[in-house]
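Lettering follows sequence order; numbering is per chain, from 1. Model, not experiment: these values are computed from the prediction.
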Amino acid sequence: MEEQVDGSASVDADSEMHSDELGAAIPYRFERTNECAELVAKYSELADGEETEDVVSVAGRLMLLRVQGKVAFGRLVDSSGEIQLFVSAKVAEDFASFSKLSLGDWVGAKGSVVKTRRGELSVKVSEWVLLAKARRSFGDKFHGVSDQDLRFRQRYLDLWANADSRSALQLRSRTISWLRHSLESRGFIEVETPVLHPIAGGATAKPFVTKHNTLDMELFLRIAPELYLKRMVVGGFEKVFEIGRVFRNEGMSPRHNPEFTMLELYQAYADYSDAMALTEELVSGAALETCGSSMIEYQGRELDLTPPWPRETMCSLIAKYAGVDVSPAMEVSEIAGIASKFGIEGEPAWGAGKYVLELYEKTVESELWGPVFVYDFPKEVSPLARPHRNDPDLAERFEAIVAGRELANAFSELIDPQDQRRRFEAQAELKKVGDEEAMSVDEDYLRALEYGLPPTAGIGIGIDRLVMLLANQASIKEVIAFPTLRPEVN
RNA sequence: GCGCCUCUAGCUCAACGGCAGAGCAACGGACUCUUAAUCCGCAGGUUCUGGGUUCGAAUCCCAGGGGGCGCACCA
């Protein structure tokens with residue numbers, strides 16, 4: 001019997017054949033000789049009406065069907081592209097059944113490559129086989145699916161109906177693949193570090209909490225792989241990277257999903273200047289690879305990713321956009337007075353560095369389009385970054401701002417275990433007074449540092465945001481196959 | 001979490017206080033070169049849910065739910 005998943009009327013009656021009969025008729029494999037796009041490229045020179053003797057097999061989903069008496073035209077879509085099926089009652093086996101196929105059915109077809117009189121490259125079908133029945137009907141064949149809720153809740157519908165949705169995810173795959181190969185060719189090796197962390201570290205963010213039953217212990221889904229990757233460097237892996245999912249229990253928006261993909265890389269003997277050079281090479285290279293140019297357009301605005309990118313210190317930007325000279329070396333009361341003029345009301349735990357960051361975020365960040373490296377962050381708000389070689393109140397840290405948002409965060413890594421302990425303790429103090437995102441003291445990580453971390457540069461790049469940029473997508477949901485949604489209620 | 005917008009047939013949308021409709025899909029039929037084919041026929045509804053106002057509610061009001069955008073938080 002046919003299965004009615006939710007009792008909706010959209011399931012076809014399957015009047016011809018019951019589901020189990022249909023299932024028995026479906027072959028276990030299908031020998032395909034060519035993808036659609038291959039054929040389209042190979043036979044582009046065929047003249048209108050020209051027929052070849054070349055027999056091919058194609059497979060895919062039937063997206064359009066025009067039956068015209070004793071001849072039918074179907075649009076077959078596979079993951080490479082599409083090609084027309086030309087089916088004639090004179091030539092094809094079981095023409096009658098073919099003409100009764102529904103949109104959305106999967107078929108495999110064998111036949112010769114021809115170009116129709118009207119100039120459409122086609123496979124002139126001699127044999128065909130049903131590979132899957134679409135028991136629920138395809139939507140509007142012209143408008144496809146546009147309801148956002150439906151598109152993301154039943155993403156398979158969106159992917160099947162909307163070529164743009166497919167191409168965004170294909171671009172994602174090419175981007176990650178290129179990054180991986182690019183890093184490998186630079187001598188980096190890919191590693192995998194734990195997703196379950198006993199202490200959520202490496203970033204300031206609220207974690208998801210879970211529990212291991214046998215160990216009877218609380219664990220956190222990682223908010224960053226940072227501290228484990230630096231342990232790898234301590235272990236002698238001089239150039240490492242990881243591309244993986246991280247989880248942050250925070251708000252959702254067109255730029256935020258609770259789980260997202262981060263590229264983090266660590267390079268021994270390098271500093272944040274090297275990291276800037278590598279960041280711009282990786283991002284512009286990915287653009288060149290996926291878009292064919294390092295000059296791209298994002299949401300109607302031009303974006304030139306060609307290196308080198310401008311570099312601006314945080315304090316100089318505040319001077320430029322807010323017109324005030326501030327520094328993390330100032331007395332807290334003084335900078336708090338300046339900040340209050342911009343509507344920033346501080347908290348007792350804030351030092352001057354925190355005020356500098358807040359001023360930057362309030363007055364500068366939204367004005368930047370980029371690409372630009374904003375560098376020299378206050379040390380106070382950069383608990384894992386090494387102090388600036390020329391200024392004890394700053395850290396050698398930068399963020400890459402591209403298309404008005406943070407794309408990468410990087411620093412010369414803090415290598416001194418004693419300093420790291422003090423920074424952790426300062427964070428723990430913040431946590432005590434209610435900052436849920438503040439870090440905890442990670443004794444195991446401190447012990448690793450005591451064995452010696454060489455000078456190291458580290459970079460984190462938000463992969464989803466990079467793909468959004470390259471795919472010209474405004475929402476992070478577009479570049480994640482299955483974005484987080486509220487549960488469906490009946 | 002707060003604010004604004006939105007939810008009608010499988011899909012895309014009308015109707016905006018007065019008989020719930022169209023196109024596409026599906027189903028039945030005609031048609032030997034179509035391109036969102038065309039033509040004929042048939043069927044399809046808890047108008048997101050629950051209250052309220054009204055002679056009468058898809059439409060107005062209240063509460064709840066889903067989604068979108070903005071703010072906040074963050075990458």
Side-chain angles (χ1 to χ4, degrees), chain A residues 6 8-16 48-49 51 63-75 82 84-92 95 99-105 114-122 124 134-154 157-158 160-162 202-206 223-224 246-264 361 365-366 399-402 405-409 435-437 460-466 468 474-477 483 485-490:
Chain A
D6 61 6
S8 96
S10 66
V11 179
D12 294 350
D14 256 352
S15 54
E16 300 266 322
D48 292 1
E51 305 209 348
M63 294 300 283
L64 225 46
L65 182 62
R66 294 179 286 275
V67 180
Q68 209 162 314
K70 298 281 188 286
V71 68
F73 302 90
R75 176 183 293 170
E82 59 184 62
Q84 179 167 272
L85 297 181
F86 174 56
V87 190
S88 157
K90 275 198 298 196
V91 181
F95 176 82
S99 67
K100 284 183 185 161
L101 287 173
S102 303
L103 300 194
D105 287 348
V114 304
K115 191 165 260 183
T116 61
R117 282 177 228 157
R118 304 292 286 266
E120 185 78 28
L121 188 75
S122 309
K124 189 171 178 181
R135 291 179 176 79
R136 290 170 183 262
S137 63
F138 176 62
D140 189 298
K141 68 187 174 188
F142 182 60
H143 296 100
V145 179
S146 58
D147 181 79
Q148 295 285 70
D149 189 25
L150 187 68
R151 284 188 54 226
F152 294 121
R153 225 172 259 293
Q154 293 178 239
L157 283 183
D158 176 47
W160 133 25
N162 301 321
T204 48
K206 279 173 246 170
I223 55 175
V246 298
F247 308 84
R248 297 190 185 175
N249 205 341
E250 286 166 352
M252 291 165 67
S253 85
R255 287 162 296 282
H256 302 266
N257 198 63
E259 53 179 303
F260 62 101
T261 300
M262 182 112 97
L263 162 65
E264 283 203 9
E361 286 178 352
E365 204 169 34
S366 61
E399 284 185 359
I401 304 295
V402 184
R405 58 183 72 130
E406 184 189 336
L407 184 68
N409 183 14
D435 184 346
E436 288 180 82
E437 292 172 1
I461 296 178
I463 293 297
D464 312 88
R465 289 188 174 180
L466 176 59
M468 284 170 69
S475 170
I476 198 169
K477 287 187 165 72
L485 298 172
R486 281 198 170 83
E488 196 169 8
V489 286
N490 296 322

Give a yes/no on whether any side-chain N or O of [X] is located under 4.0 angstrom from OP1 or OP2 of [N].
X	N	result
A:R486	B:G67	yes
A:S137	B:C24	no
A:R153	B:G67	yes
A:S88	B:U32	no

Length of the [atom1]-[atom2] vector between [X] and [N], whole Å:
X	N	atom1	atom2	result
A:D105	B:A26	CG	P	9 Å
A:L85	B:C33	CG	C1'	14 Å
A:E250	B:C71	CD	C1'	16 Å
A:Q148	B:G67	CD	P	12 Å
A:D147	B:A25	CG	P	20 Å
A:M252	B:C73	CE	C1'	13 Å
A:L64	B:U35	CG	C1'	8 Å
A:D158	B:G67	CG	P	16 Å

Return the nucleotide paired to [N]: Watson-Crick means purine N1 to pyrimidine N3 with N6-O4 or O6-N4, wobble means G-U with N1-O2 and O6-N3, both under 3.5 Å.
N	result
B:A57	none
B:A63	B:U49
B:G70	B:C2
B:G10	B:C24
B:C33	none

Below 4.5 Å, heavy atoms only, C-beta onward: do [X] and [Y] meet side chain to side chain?
X	Y	value
A:V145	A:Q154	no
A:V71	A:F86	yes
A:Q148	A:K477	no
A:Q84	A:R66	yes
A:E365	A:E399	yes

So what does [X] touch, heavy atoms closer than 4.0 Å: a base, only the sugar-phosphate, or nothing?
X	value
A:G462	nothing
A:L157	nothing
A:T116	base
A:V67	base

Quick one: which of [options] gets closest to the side chain of [X]?
X	options	value
A:K70	B:U12, B:U32, B:A25	B:U32
A:S475	B:A36, B:C27, B:C69	B:C69
A:R255	B:G66, B:C71, B:C11	B:C71
A:K141	B:C33, B:A25, B:C73	B:A25
A:K100	B:U32, B:G29, B:A26	B:G29
A:K477	B:A25, B:G68, B:C27	B:G68
A:L103	B:C33, B:A25, B:G67	B:A25

For [N] and [M], measure between their [atom1] atoms and round to the nearest Å.
N	M	atom1	answer
B:U59	B:G17	P	11 Å
B:C42	B:C24	C1'	16 Å
B:U12	B:G51	P	28 Å
B:C4	B:A25	P	41 Å

- Does the base of B:U32 carry an N or O that pairs as donor and acceptor with the side chain of A:Q68 under 3.5 Å?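 No pair found.
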- Message: Distance criterion of 3.5 Å, no angle test: do you see the side chain of A:D140 paired donor-to-acceptor with the base of B:G23?
- Response: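 Such a pair is found, so the answer is yes.
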- Not counting sequence neighbours, list each pair that qualifies as a salt bridge (Lys or Arg N to Asp or Glu O under 4.0 Å) and has a residue in residues 248-264 of chain A.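 Counting only pairs at least two positions apart or across chains, the salt bridge (Lys or Arg N to Asp or Glu O under 4.0 Å) contacts touching residues 248-264 of chain A are A:R245-A:E259.
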- Message: Go nucleotide by nucleotide along RNA chain B from the 5' end; which of A:N257 and A:E120 gets its closest nucleotide reached first?
- Response: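 Result: A:E120.
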